[in-house]
Amino acid sequence: MRRLLILGLGLGLACTAPAQTKPLADPTRPPNVLPETAEAAFVEGPRLQSVLISPGRRSAVISGTTVAQGGRFGDARVELISESAVVLRYADRRETLQLLPSQDKRARRAAATPKETPR
């Protein structure tokens, strides 16, 4: 009886092992990073994937490489890192990489609110 119980437990554990072979999703991966697909392979040039701005530093992830403001990315110097874009300065030109190139971000104007009158 005891052997049967141990055999059953061993078979049960062996059956659960294949279910755990699926890789876990990375919870720290930036949301706009798409898995490499045939469509993504046609994107030419550097892609801005993430931006980190803190009081002490500014950095960005461009095509999988983390660079700081003022640092170098290939032949370019990272001239500016903002909340939604990075400006790369090459010897002969500037290039602006947008974090979300398909979206047009505009500053919101404060809605004019009537002043409250004391009662």
To the nearest 0.5 Å, what is the distance between CG (Leu97) and CD1 (Ile62)? 5.5 Å
Can you check whether Arg89's main-chain N or O pairs, donor with acceptor, with Arg94's side chain at less than 3.5 Å? no
List for me each residue that meets side chain to side chain contact (heavy atoms under 4.5 Å, CB included) alongside Val61, sequence neighbours excluded, and say none if there are none. Gln49, Ser50, Thr66
Quick check: does any side chain N or O of Ser63 sit under 3.5 Å from a backbone N or O of Arg47, one acting as donor and the other as acceptor? yes
Could you check Leu80 against Val78 for side chain to side chain contact (heavy atoms under 4.5 Å, CB included), going step by step and ending with a plain yes or no? CA-CA 6 Å; Leu80 174 72; Val78 179; over 6 Å; no
Give, for atom CD1 of Ile53 and atom OG of Ser59, the distance between the pair rounded to the nearest 0.5 Å. 9.0 Å
Measure the spacing between CG of Leu100 and CG of Leu48 and express it to the nearest 0.5 Å. 8.5 Å
Donor-acceptor contact present, side-chain Glu79 to main-chain Val87, <3.5 Å: no
Evaluate the side chain to side chain contact (heavy atoms under 4.5 Å, CB included) criterion for residues Leu52 and Arg57: first the C-alpha distance (whole Å), next the side-chain angles of each, then the deciding distance (0.1 Å), finally the verdict. CA-CA 8 Å; Leu52 173 68; Arg57 69 179 183 153; 3.2 Å; yes
How many angstroms lie between atom CD of Gln69 and atom CZ of Arg77, to the nearest 0.5 angstrom? 11.5 Å
Given Thr96 and Val86, is the side chain to side chain contact (heavy atoms under 4.5 Å, CB included) satisfied, shown in steps? CA-CA 6 Å; Thr96 302; Val86 168; over 6 Å; no
Closest non-hydrogen contact found for Ser82 with Val51 is O-CG1, 3.3 Å
For Arg93, give me all partners under side chain to side chain donor-acceptor pair (under 3.5 Å), at least two apart in sequence or on another chain. Glu95
What residues, two or more places apart in sequence or in another chain, satisfy salt bridge (charged side-chain N to carboxylate O under 4.0 Å, His left out) together with Arg72? none
Considering non-hydrogen atoms only, spot the tightest contact between Leu88 and Ala76 and give its length. CB-CB, 3.9 Å
